[in-house]
Asks: 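Just passing along the structure, written as structure tokens.
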Amino acid sequence: MSTINPSGWRPTTPSQGGESAEGTFTGNRALMLEEALIFEIGSADTTGVDFGEAPAGKSRLAGMERSKAIGLPGLSEPETVRHYTRLSRQNYAIDLGLFPLGSCTMKHNPRLNERMARLPGFADIHPLQPVDTVQGALEAIDQLAHWLITLTGMQAVAMSPKAGAHGELCGVLAIRAALDAKGETARRIMLVPESAHGTNPATAAFAGFAVEDIPATPEGRVDVAALKARLGPDIAGVMITNPNTCGLFEPDLKDISDAVHAAGGYVYCDGANFNAIVGRVRPGDLGVDAMHINLHKTFSTPHGGGGPGSGPVVLSAALAPYAPLPFVEKTADGYRLVEEENAEEHHAGTFGRMTAFHGQMGMFTRALTYILSHGADGLRQVAEDSVLNANYVLRSMEDVLDAPFAKSGPCMHEAIFSDKGLAEGFSTLDIAKGLIDESYHPMTVYFPLVVHGAMLVEPTETESKAALDQFIGAFRSVAARARNGEPALKSAPHFAPRRRLDETLAARKPVLAYKDAAPAEAAE
Ligand SMILES: *Cc1c(COP(=O)(O)O)cnc(C)c1O
């Protein structure tokens, strides 16, 4: 770490920026500001507020009160605003450009969503408010539930899970409750394809199941014969992503579901990739028993786009009785929340509760706004355009990057490439880092594991052809540099606020607390 002069400015060192930043007194590159840590520029006796001393009173903390100053660095109000605004400018956001992260569906977040989410009747309410004062909010939850059930062709929906992985847990706990209710406690193995998102096996294990892998075919789909061969009295069910993480539709899902049901198991579908099929395919028609929907993917507001996650889980008739509480119920006198207290009366099979209250109200409002403003035809077009855009990227890249499944036909909403054919010593990581210099957040890398050095690109439907062409131009240029073994690419990024970091060291030995003299190995 470089030295700090008393005014807080630090002189530039080559490690902090690209060559072009050398020579500026502040370390800045044009209007991109090099910002020190708040621990380096703040001080314990600076503050942006001016409160008088608290009146002396008798402490009620029984000796637990703080005995010395807390020592947090402070800044004045304008300095605070600038510090965090400068830091925020070193980040990438969907509002800045195309965000090709595969499996994440980083689409534009329509501003109408934000307008609706900020209406006081949605934004300024409290979960413990009397229900007769929040009838409109409950109606919005009920309407969204209706559309999610309609779009998926399922029987019921649990709205409370707060993200995709949380929804997986909800669905798998419902499967466990259904098995337990039938006395089938010997069914404790969950089958998960090799190409699954890491959250699937983690969820199954967390819910008390042993996980067994199902292999993929050379075409990147579930090996149906291997799956069927493994079915039996110890199998609780399968967790299948459709479209899968290779960006391909699983055409045999109905056949798989029938076989799993005949063998006494349940079918969990990871619905994170629903964007590719929304308005086109109803998972209920494919025999799915439970599926989470990432509202923050398919129904806009991606990570960093304005809201938190939300992962409602649609359920089949077989699993609906085990859904978690609370839920909204429409009665003759309006909407009510069915809470734990009436569990006996209303919902005897419930496995319990996923979260304290009824879920992410802000995300419900955004998703409902998105669904109502698109309409049935608009949602169908979302799926079609997202698939079209991904295929445009796939076909525009396949002469410079290996596309392992391109021969088996078009992809769904994401295009997958491998590191085959790169120059000796060059890897997927080099392409990802090179894209940062081109001002793009890298695509998803090294996932799914079934493709060597995988690069998974999901452009989404919200990118125009001009935006796609610009990205493809940058991606092609970086890929060509990796094929030709251009030495400078090995040390990219050159123009980012930080150069290539030792990510393994950062993950293995994270330095989570600021120390004045950082140990040499933890320094950048
Ligand atoms: C995003 C994703 C998840 C997890 O969703 P979170 O909301 O991040 O918890 C699970 N499976 C797949 C295939 C995903 O893309």
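We use all heavy atoms of the structure for the numbers below, so side chains are in, but hydrogens, waters and symmetry mates are not. Every number for a ligand or one of its atoms is a count from 1 in the order of the listing. These numbers come from a predicted model, not from an experiment.
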Asks: What pairs with K407 under side-chain contact (heavy atoms from CB on, under 4.5 Å), at least two apart in sequence or on another chain?
Replies: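 Testing K407 for side-chain contact (heavy atoms from CB on, under 4.5 Å), a comparison that skips the adjacent residues, returns none.
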Asks: Do L449 and S195 make a side-chain contact, defined as non-hydrogen atoms from C-beta onward lying under 4.5 Å apart?
Replies: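 Heavy-atom side-chain distance check fails, nothing below 4.5 Å.
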Asks: Which of these, T199, V192, I175, V211, sits in a side chain to side chain contact (heavy atoms under 4.5 Å, CB included) with M239?
Replies: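 It is V192, the one option of T199, V192, I175, V211 that forms the side chain to side chain contact (heavy atoms under 4.5 Å, CB included) with M239.
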Asks: Could you state the interatomic distance from CD (Q360) to CG (L295), rounded to the nearest 0.5 Å?
Replies: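 It is 9.5 Å, given to the nearest 0.5 Å.
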Asks: Looking only at the aromatic ring of each residue, does the gap between the centers of F447 and H197 stay below 6.0 angstrom?
Replies: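 Yes, ring centres under 6.0 Å apart.
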Asks: Report each N/O pair between ligand 1 and the protein that falls under 3.5 Å, naming both atoms.
Replies:
| from | atom 1 | to | atom 2 | distance (Å) |
| --- | --- | --- | --- | --- |
| ligand 1 | 5 (O) | N294 | ND2 | 3.0 |
| ligand 1 | 7 (O) | G164 | N | 2.7 |
| ligand 1 | 7 (O) | N294 | ND2 | 3.1 |
| ligand 1 | 7 (O) | H296 | NE2 | 2.7 |
| ligand 1 | 9 (O) | G164 | N | 3.3 |
| ligand 1 | 9 (O) | A165 | N | 2.8 |
| ligand 1 | 11 (N) | D270 | OD1 | 3.3 |
| ligand 1 | 11 (N) | D270 | OD2 | 2.6 |
| ligand 1 | 15 (O) | S103 | O | 2.7 |
| ligand 1 | 15 (O) | S103 | OG | 2.6 |
| ligand 1 | 15 (O) | K297 | NZ | 2.8 |

Asks: Taking the side chain as every heavy atom from C-beta outward, state whether H261 and V267 have any atom pair closer than 4.5 Å.
Replies: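 Yes. Closest side-chain heavy atoms under 4.5 Å.
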